[in-house]
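Reading through the C-alpha coordinates given below for one structure.
None of the values given here were measured: they were computed from a predicted structure. The analysis underlying the following values was restricted to heavy atoms, covering all of them including side chains, and did not include hydrogens, waters or symmetry mates.
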Amino acid sequence: MSEQEQNRPAPFTGDVHFDCAGDPIGGYLAVAAGDAPAPGLVLIPDVRGIYEHFRDVARRFAECGFTTLALDLYAREGAPDLPDLEAAMRWMAALPDERVLGDIAAAVDFLADHDSVRGRHVGITGFCMGGQYTLMAACSVPRLAAAVSWYGMLRYADTPAHKPQSPLDMAPRLGCPWLGMFGENDPLIPNDDVAELRSLLQSAGRDFEIVQYPDAGHAFFNDSRPEMYRPEAARDAWPRAVGFLRERLAD
(Lines give C-alpha, C1' and ligand atoms only; values in the text may rest on other atoms or scores of the structure.)
Protein backbone atom coordinates (compact mmCIF):
# COMPACT_ATOMS: atom_id res chain seq x y z
CA MET A 1 0.00 0.00 0.00
CA SER A 2 1.39 3.40 -0.98
CA GLU A 3 1.82 6.26 1.48
CA GLN A 4 -0.92 8.14 -0.37
CA GLU A 5 -3.32 5.21 0.08
CA GLN A 6 -2.38 4.91 3.77
CA ASN A 7 -3.19 8.59 4.32
CA ARG A 8 -6.48 8.53 2.39
CA PRO A 9 -9.42 9.00 4.79
CA ALA A 10 -11.74 6.03 5.21
CA PRO A 11 -15.03 6.22 3.30
CA PHE A 12 -17.77 7.86 5.31
CA THR A 13 -20.40 5.79 7.07
CA GLY A 14 -22.97 7.35 9.34
CA ASP A 15 -26.27 9.17 9.66
CA VAL A 16 -27.21 11.95 7.25
CA HIS A 17 -30.12 14.35 7.12
CA PHE A 18 -31.95 16.16 4.32
CA ASP A 19 -35.36 17.65 3.62
CA CYS A 20 -38.47 16.34 1.91
CA ALA A 21 -41.08 19.03 1.26
CA GLY A 22 -39.96 20.87 4.39
CA ASP A 23 -39.80 17.78 6.62
CA PRO A 24 -36.39 16.73 8.00
CA ILE A 25 -35.70 13.13 7.02
CA GLY A 26 -32.51 11.13 6.48
CA GLY A 27 -30.88 7.76 6.78
CA TYR A 28 -27.61 5.86 7.04
CA LEU A 29 -25.04 6.58 4.33
CA ALA A 30 -22.17 4.29 3.34
CA VAL A 31 -19.86 5.90 0.79
CA ALA A 32 -18.01 3.75 -1.72
CA ALA A 33 -14.22 3.87 -1.60
CA GLY A 34 -12.20 5.71 -4.23
CA ASP A 35 -11.59 9.24 -5.40
CA ALA A 36 -14.03 9.23 -8.32
CA PRO A 37 -17.81 9.47 -7.93
CA ALA A 38 -19.58 6.10 -7.68
CA PRO A 39 -23.08 5.03 -8.67
CA GLY A 40 -25.66 5.74 -5.98
CA LEU A 41 -28.07 3.27 -4.42
CA VAL A 42 -31.10 4.00 -2.24
CA LEU A 43 -31.79 1.07 0.10
CA ILE A 44 -35.29 0.65 1.56
CA PRO A 45 -35.29 -1.54 4.71
CA ASP A 46 -38.06 -3.87 5.81
CA VAL A 47 -41.00 -2.79 7.95
CA ARG A 48 -38.87 -2.49 11.10
CA GLY A 49 -36.81 0.31 9.58
CA ILE A 50 -33.08 0.83 9.93
CA TYR A 51 -31.40 -1.62 12.29
CA GLU A 52 -27.94 -3.15 12.28
CA HIS A 53 -28.68 -5.70 9.56
CA PHE A 54 -29.48 -2.94 7.08
CA ARG A 55 -26.53 -0.81 8.11
CA ASP A 56 -24.45 -3.89 7.36
CA VAL A 57 -26.17 -4.43 3.99
CA ALA A 58 -25.53 -0.76 3.11
CA ARG A 59 -21.84 -1.22 3.91
CA ARG A 60 -21.75 -4.42 1.81
CA PHE A 61 -23.15 -2.56 -1.18
CA ALA A 62 -20.63 0.24 -0.60
CA GLU A 63 -17.83 -2.32 -0.62
CA CYS A 64 -19.14 -3.42 -4.04
CA GLY A 65 -18.80 0.12 -5.39
CA PHE A 66 -22.17 1.79 -4.70
CA THR A 67 -22.55 4.79 -2.42
CA THR A 68 -25.57 3.54 -0.51
CA LEU A 69 -28.22 5.39 1.47
CA ALA A 70 -30.43 3.28 3.75
CA LEU A 71 -33.49 5.51 3.91
CA ASP A 72 -35.21 6.09 7.25
CA LEU A 73 -38.92 6.04 6.41
CA TYR A 74 -39.72 6.71 10.08
CA ALA A 75 -37.65 9.84 10.58
CA ARG A 76 -40.76 11.82 11.54
CA GLU A 77 -42.36 9.54 14.11
CA GLY A 78 -39.68 7.03 15.07
CA ALA A 79 -39.55 3.31 14.38
CA PRO A 80 -42.71 1.35 15.25
CA ASP A 81 -43.09 -1.26 17.96
CA LEU A 82 -43.99 -4.43 16.04
CA PRO A 83 -44.32 -7.39 18.42
CA ASP A 84 -45.72 -9.78 15.81
CA LEU A 85 -46.64 -10.24 12.15
CA GLU A 86 -50.18 -8.97 12.68
CA ALA A 87 -48.86 -5.68 14.06
CA ALA A 88 -46.43 -5.38 11.15
CA MET A 89 -49.21 -5.96 8.61
CA ARG A 90 -51.41 -3.32 10.28
CA TRP A 91 -48.52 -0.84 10.23
CA MET A 92 -47.82 -1.41 6.54
CA ALA A 93 -51.51 -1.08 5.70
CA ALA A 94 -51.60 2.33 7.42
CA LEU A 95 -48.51 3.82 5.73
CA PRO A 96 -49.44 6.51 3.18
CA ASP A 97 -47.85 5.54 -0.14
CA GLU A 98 -47.64 9.12 -1.42
CA ARG A 99 -45.49 10.11 1.55
CA VAL A 100 -43.22 7.07 1.24
CA LEU A 101 -42.69 7.56 -2.48
CA GLY A 102 -42.06 11.28 -1.88
CA ASP A 103 -39.37 10.40 0.67
CA ILE A 104 -37.81 8.01 -1.83
CA ALA A 105 -37.77 10.72 -4.50
CA ALA A 106 -36.05 13.09 -2.03
CA ALA A 107 -33.48 10.39 -1.22
CA VAL A 108 -32.76 9.86 -4.94
CA ASP A 109 -32.23 13.61 -5.38
CA PHE A 110 -30.01 13.77 -2.29
CA LEU A 111 -27.81 10.95 -3.56
CA ALA A 112 -27.68 12.22 -7.13
CA ASP A 113 -26.38 15.56 -5.87
CA HIS A 114 -23.96 14.12 -3.29
CA ASP A 115 -20.26 14.69 -4.04
CA SER A 116 -19.57 10.96 -3.87
CA VAL A 117 -22.16 10.26 -6.60
CA ARG A 118 -22.59 13.45 -8.61
CA GLY A 119 -22.79 12.72 -12.33
CA ARG A 120 -23.36 8.95 -11.89
CA HIS A 121 -26.57 6.96 -12.12
CA VAL A 122 -28.74 6.18 -9.07
CA GLY A 123 -30.56 2.90 -8.44
CA ILE A 124 -32.77 1.52 -5.71
CA THR A 125 -33.05 -1.74 -3.81
CA GLY A 126 -35.28 -2.87 -0.97
CA PHE A 127 -36.31 -5.82 1.18
CA CYS A 128 -39.79 -7.03 2.16
CA MET A 129 -41.86 -3.83 2.49
CA GLY A 130 -38.83 -2.09 1.03
CA GLY A 131 -38.93 -4.44 -1.94
CA GLN A 132 -42.56 -3.51 -2.48
CA TYR A 133 -41.74 0.21 -2.45
CA THR A 134 -38.73 -0.40 -4.67
CA LEU A 135 -41.00 -1.69 -7.43
CA MET A 136 -43.48 1.14 -6.87
CA ALA A 137 -40.68 3.71 -7.00
CA ALA A 138 -39.34 2.16 -10.20
CA CYS A 139 -42.79 2.83 -11.67
CA SER A 140 -43.14 6.41 -10.46
CA VAL A 141 -39.95 8.14 -9.21
CA PRO A 142 -37.79 10.04 -11.73
CA ARG A 143 -34.00 9.68 -12.03
CA LEU A 144 -33.87 5.97 -11.19
CA ALA A 145 -31.70 3.92 -13.56
CA ALA A 146 -32.18 0.42 -12.07
CA ALA A 147 -34.07 -1.36 -9.30
CA VAL A 148 -33.73 -4.62 -7.37
CA SER A 149 -36.57 -5.91 -5.16
CA TRP A 150 -36.03 -8.65 -2.60
CA TYR A 151 -39.30 -10.48 -1.73
CA GLY A 152 -41.44 -7.36 -2.05
CA MET A 153 -45.17 -7.86 -1.59
CA LEU A 154 -47.25 -7.30 -4.72
CA ARG A 155 -50.96 -7.14 -3.94
CA TYR A 156 -53.05 -4.96 -1.60
CA ALA A 157 -56.13 -6.48 0.02
CA ASP A 158 -57.78 -3.03 -0.24
CA THR A 159 -56.99 0.24 -2.00
CA PRO A 160 -58.12 3.08 0.28
CA ALA A 161 -57.28 6.71 -0.43
CA HIS A 162 -53.83 6.50 1.16
CA LYS A 163 -52.99 3.34 -0.83
CA PRO A 164 -54.74 3.89 -4.16
CA GLN A 165 -52.72 1.47 -6.29
CA SER A 166 -50.99 -1.79 -5.47
CA PRO A 167 -47.58 -2.69 -6.92
CA LEU A 168 -49.37 -4.94 -9.45
CA ASP A 169 -51.53 -1.99 -10.53
CA MET A 170 -48.44 0.16 -11.09
CA ALA A 171 -46.24 -2.51 -12.70
CA PRO A 172 -47.06 -1.79 -16.36
CA ARG A 173 -45.57 1.70 -15.86
CA LEU A 174 -42.15 0.33 -14.87
CA GLY A 175 -39.68 3.05 -15.83
CA CYS A 176 -36.27 1.42 -15.39
CA PRO A 177 -34.72 -2.07 -15.54
CA TRP A 178 -35.95 -4.12 -12.59
CA LEU A 179 -34.87 -7.38 -10.94
CA GLY A 180 -37.26 -9.13 -8.57
CA MET A 181 -36.22 -12.04 -6.35
CA PHE A 182 -38.76 -14.18 -4.52
CA GLY A 183 -38.97 -17.38 -2.50
CA GLU A 184 -41.42 -19.95 -3.81
CA ASN A 185 -42.43 -20.81 -0.23
CA ASP A 186 -43.23 -17.23 0.79
CA PRO A 187 -46.64 -17.05 2.52
CA LEU A 188 -46.78 -13.28 2.00
CA ILE A 189 -46.27 -13.42 -1.78
CA PRO A 190 -48.29 -16.12 -3.54
CA ASN A 191 -46.65 -17.61 -6.62
CA ASP A 192 -49.77 -16.62 -8.57
CA ASP A 193 -48.99 -12.97 -7.81
CA VAL A 194 -45.45 -13.39 -9.14
CA ALA A 195 -46.84 -15.05 -12.28
CA GLU A 196 -49.29 -12.19 -12.76
CA LEU A 197 -46.48 -9.67 -12.35
CA ARG A 198 -44.40 -11.48 -14.95
CA SER A 199 -47.32 -11.47 -17.39
CA LEU A 200 -48.03 -7.76 -16.84
CA LEU A 201 -44.42 -6.75 -17.42
CA GLN A 202 -44.08 -8.95 -20.49
CA SER A 203 -47.28 -7.53 -21.98
CA ALA A 204 -46.04 -3.98 -21.35
CA GLY A 205 -42.67 -4.74 -22.94
CA ARG A 206 -40.69 -3.75 -19.85
CA ASP A 207 -37.04 -4.55 -19.06
CA PHE A 208 -37.14 -6.97 -16.13
CA GLU A 209 -35.90 -10.21 -14.61
CA ILE A 210 -37.70 -12.38 -12.07
CA VAL A 211 -35.96 -15.11 -10.08
CA GLN A 212 -37.74 -17.54 -7.75
CA TYR A 213 -35.91 -19.74 -5.27
CA PRO A 214 -37.65 -23.11 -4.72
CA ASP A 215 -36.40 -23.79 -1.18
CA ALA A 216 -36.78 -20.26 0.18
CA GLY A 217 -39.49 -18.30 1.89
CA HIS A 218 -39.74 -14.68 3.01
CA ALA A 219 -36.64 -12.79 4.19
CA PHE A 220 -34.31 -15.49 2.83
CA PHE A 221 -31.41 -13.01 2.66
CA ASN A 222 -31.71 -11.77 6.25
CA ASP A 223 -28.82 -13.48 8.03
CA SER A 224 -29.82 -11.80 11.31
CA ARG A 225 -32.91 -14.05 11.36
CA PRO A 226 -31.70 -17.68 11.37
CA GLU A 227 -35.23 -19.04 11.13
CA MET A 228 -35.72 -17.24 7.79
CA TYR A 229 -32.21 -17.14 6.32
CA ARG A 230 -31.52 -19.53 3.44
CA PRO A 231 -27.77 -19.50 2.67
CA GLU A 232 -27.99 -21.16 -0.75
CA ALA A 233 -30.57 -18.69 -2.05
CA ALA A 234 -28.71 -15.76 -0.47
CA ARG A 235 -25.41 -16.84 -2.05
CA ASP A 236 -27.03 -16.79 -5.49
CA ALA A 237 -29.07 -13.63 -4.97
CA TRP A 238 -26.28 -11.32 -3.76
CA PRO A 239 -23.94 -11.54 -6.79
CA ARG A 240 -26.99 -11.54 -9.06
CA ALA A 241 -28.17 -8.24 -7.56
CA VAL A 242 -24.70 -6.68 -7.59
CA GLY A 243 -24.08 -7.75 -11.18
CA PHE A 244 -27.46 -6.40 -12.30
CA LEU A 245 -26.82 -3.04 -10.64
CA ARG A 246 -23.26 -2.76 -11.94
CA GLU A 247 -24.42 -3.37 -15.50
CA ARG A 248 -27.43 -1.07 -15.36
CA LEU A 249 -25.82 1.76 -13.38
CA ALA A 250 -22.65 1.88 -15.48
CA ASP A 251 -22.12 5.10 -17.43
Side-chain angles (χ1 to χ4, degrees), residues 4-5 7-46 49-76 78-79 98-127 129-131 133-150 175-179 238 241-251:
Q4 181 180 6
E5 288 172 326
N7 293 333
R8 181 181 299 163
F12 172 83
T13 58
D15 294 337
V16 293
H17 305 279
F18 51 95
D19 284 346
C20 176
D23 289 338
I25 62 172
Y28 177 84
L29 183 66
V31 175
D35 296 326
L41 186 65
V42 176
L43 189 161
I44 313 299
D46 66 30
I50 296 177
Y51 54 98
E52 184 53 36
H53 171 67
F54 286 108
R55 295 185 187 93
D56 178 57
V57 172
R59 292 190 293 265
R60 291 188 227 176
F61 274 119
E63 289 170 1
C64 291
F66 308 100
T67 288
T68 303
L69 172 66
L71 177 61
D72 183 4
L73 293 177
Y74 308 139
R76 297 168 182 82
E98 183 177 6
R99 191 190 89 173
V100 172
L101 292 170
D103 286 358
I104 292 173
V108 171
D109 289 343
F110 169 81
L111 262 189
D113 294 337
H114 195 272
D115 287 344
S116 67
V117 175
R118 195 184 309 275
R120 302 296 302 273
H121 291 307
V122 175
I124 186 169
T125 191
F127 299 75
M129 184 187 79
Y133 281 117
T134 290
L135 176 56
M136 296 171 75
C139 298
S140 61
V141 173
R143 303 180 80 172
L144 285 172
V148 176
S149 292
W150 306 70
C176 67
W178 176 80
L179 168 63
W238 178 256
V242 169
F244 183 90
L245 291 167
R246 281 179 174 160
E247 178 181 354
R248 304 312 178 101
L249 298 181
D251 292 338

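For the ring pair (Phe, Tyr, Trp, His ring centres under 6.0 Å) with Phe127, the lone residue among Phe54, Tyr51, Tyr133 that qualifies is Phe54.
Annotation for Phe18 and Gly26: closest pair CE2-CA, 3.6 Å, computed over non-hydrogen atoms. Summarising the geometry of Ala107 relative to Leu71, their closest heavy-atom pair is CB-CD1, 4.0 Å, with the distance given to 0.1 Å.
A distance-only check finds no donor-acceptor pair linking the side chain of Ser116 to the backbone of His114 [under 3.5 Å]. Between the side chain of Thr67 and the backbone N or O of Val31 there is no donor-acceptor pair closer than 3.5 Å. Arg143 places no side-chain N or O within 3.5 Å of a backbone atom of Ala105 that could act as its donor or acceptor partner. The closest donor-acceptor contact from the side chain of Thr125 to the backbone of Val148 lies under 3.5 Å.
For residues 13-32, the salt bridge (Lys or Arg N to Asp or Glu O under 4.0 Å) pairs, not counting sequence neighbours, are Asp23-Arg76.
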Intermediate values then yes/no, side chain to side chain contact (heavy atoms under 4.5 Å, CB included), Tyr28 and Leu69: CA-CA 6 Å; Tyr28 177 84; Leu69 172 66; 5.9 Å; no
Derivation and outcome, side chain to side chain contact (heavy atoms under 4.5 Å, CB included), residues Leu73 and Ile44: CA-CA 8 Å; Leu73 293 177; Ile44 313 299; 3.9 Å; yes
CA sep, side-chain torsions, deciding dist, call: His17, Ile25, side chain to side chain contact (heavy atoms under 4.5 Å, CB included): CA-CA 6 Å; His17 305 279; Ile25 62 172; over 6 Å; no
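Between Arg60 and Glu63, no side-chain nitrogen of the basic residue sits less than 4.0 Å from a carboxylate oxygen of the acidic one, so the salt-bridge criterion is not met.
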Distance-only donor-acceptor hits, side chain of residues 242-249, under 3.5 Å, sequence neighbours excluded:
{"from": "Arg246", "atom 1": "NE", "to": "Cys64", "atom 2": "O", "distance (Å)": "3.4"}
{"from": "Arg246", "atom 1": "NH2", "to": "Cys64", "atom 2": "O", "distance (Å)": "3.0"}
{"from": "Arg248", "atom 1": "NH1", "to": "Asp207", "atom 2": "OD1", "distance (Å)": "3.3"}
{"from": "Arg248", "atom 1": "NH1", "to": "Asp207", "atom 2": "OD2", "distance (Å)": "2.7"}

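Residues Leu29 and Thr68 fail the side-chain proximity criterion, which asks for heavy atoms closer than 4.5 Å.
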